[in-house]
Amino acid sequence: YGVWPCLIVVSLGYLFCSFSSNLFRYFGLFFLSRIRNGMVAALRDDIYHKITILPVSFFNSRRRGDLISRMSNDLADVEWSVVSTMQSLVKDPINIVAFSATLIFVSPRLFLYFLMIMPVAVFLISLIGKTLKRNSETGQVALGSLFSVLEESLSSVRVIKSSVVEDKQSEAFVQKNAWYARLMKRVIVRRELSSPLSEVLGTVGLVAILILGAGMVMKGDLQASVFIFFVIIFARLIPPVQAVVKAYNSLQKGSASAARF
């Protein structure tokens, strides 16, 4: 049909794919928001009902600030975890399977080399996830303790002022706040480490594939065009893998709050 008709068809096809991609992404977020809000509302109703039927002895052994923290911050963490992971855990695994199947079809040998690199990456990422969950659990306990000091100060402000112990109460709050800040710093550092680590490991895998594939091309075991196609698809495989890693670490942080809730 000639160069220009072909160029027009390809351009229109690209615009259609871009429009469809963004349209369905919006629909996905639209329906996800309904699921998220409905789930959070149901959890909030359940926990309030639970509080109303618990015996008085339960509240004698629990600090109100910690209970408020569980109903507010822990629930917010669960909501954030669901929002950031639900879409990734549905869409990205499908992309990973599709791209992996394509890579196996193109060159099983190169894909086998890639699988030999994967265990190291999975081990490092899981190690970060376990540490993140442990620090998140401690951090939520610290935040509950901080809320308890704040709640006690607000409920007994007259006693504090009449006893002239403002400095002592302020010092207790500062210590709790500093403890919580240190824990949250660890959580943020480990959570943000997962994305660059997965990207570096993906780049290492890509470089290894380039070297091994180039050797196969020079030996005549693989066509250059097939090798280029493999590299392009492999590069497309890295972003969904990163998204799944990020979703996994978000779940680790959210699971600590979900357990307290």
Side-chain angles (χ1 to χ4, degrees), residues 1-29 32 84-130 190-252:
Y1 294 99
V3 175
W4 285 106
C6 180
L7 181 61
I8 292 172
V9 170
V10 170
S11 300
L12 291 176
Y14 183 78
L15 288 173
F16 175 76
C17 290
S18 177
F19 174 78
S20 299
S21 175
N22 287 282
L23 178 65
F24 282 104
R25 183 181 296 114
Y26 169 76
F27 282 147
L29 292 174
L32 184 64
S84 61
T85 59
M86 187 177 291
Q87 191 176 17
S88 294
L89 293 179
V90 172
K91 180 187 70 175
D92 292 310
I94 296 175
N95 287 335
I96 292 173
V97 171
F99 289 139
S100 298
T102 305
L103 293 177
I104 293 173
F105 177 76
V106 172
S107 177
R109 183 176 169 185
L110 270 180
F111 188 76
L112 181 61
Y113 290 147
F114 166 66
L115 290 180
M116 293 170 64
I117 305 171
M118 281 294 291
V120 177
V122 171
F123 172 75
L124 292 175
I125 291 169
S126 64
L127 195 64
I128 293 175
K130 290 178 181 178
R190 283 161 177 77
R191 186 180 63 200
E192 299 303 326
L193 178 62
S194 62
S195 182
L197 177 62
S198 61
E199 185 170 348
V200 169
L201 293 173
T203 305
V204 170
L206 181 59
V207 171
I209 292 297
L210 284 172
I211 295 172
L212 294 169
M216 292 174 62
V217 170
M218 287 185 286
K219 290 180 181 179
D221 297 334
L222 188 66
Q223 293 182 2
S225 58
V226 175
F227 173 56
I228 292 172
F229 180 70
F230 187 95
V231 171
I232 291 172
I233 298 299
F234 184 83
R236 292 293 302 273
L237 178 64
I238 295 175
V241 171
Q242 286 180 299
V244 170
V245 169
K246 189 175 181 180
Y248 170 76
N249 285 329
S250 297
L251 279 178
Q252 291 298 309

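Computed over heavy atoms, backbone and side chain alike; hydrogens, waters and symmetry mates excluded.
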### Query
Atom CG of Leu112 and atom CG of Leu212: how far apart are they, to the nearest 0.5 Å?
10.5 Å
### Message
Taking the side chain as everything from C-beta on, heavy atoms only, tell me whether Arg109 gets closer than 4.5 Å to Leu222.
### Response
no
## Note on the structure
Heavy atoms of Met216 and Tyr113 approach each other most closely as SD-CE1, 4.4 Å
### Task
Run the numbers on Leu110 and Leu103 for side-chain contact (heavy atoms from CB on, under 4.5 Å), then give the verdict.
CA-CA 8 Å; Leu110 270 180; Leu103 293 177; over 6 Å; no
### Query
Given the rule in the side-chain contact (heavy atoms from CB on, under 4.5 Å) test, do Ser100 and Phe111 qualify, once you have shown the distances and angles that lead to the verdict?
CA-CA 8 Å; Ser100 298; Phe111 188 76; 3.9 Å; yes
## Note on the structure
Rounded to the nearest 0.5 Å, the SG atom of Cys17 sits from the CG atom of Asn22 at a distance of 11.5 Å
### Query
Hey, what do you get for CZ (Phe229) to OG (Ser107), rounding to the nearest 0.5 Å?
12.0 Å
### Query
What is the ring orientation for Phe234 with Phe230, classed by angle as parallel under 30°, tilted 30 to 60°, or perpendicular over 60°?
parallel
### Distance, nearest 0.5 Å, that separates CD1 of Ile232 from CZ of Phe227
10.5 Å
### Message
Working note: Val106 + Ile233, criterion side-chain contact (heavy atoms from CB on, under 4.5 Å); need CA distance, chi angles, decisive distance, verdict.
### Response
CA-CA 10 Å; Val106 172; Ile233 298 299; 6.0 Å; no
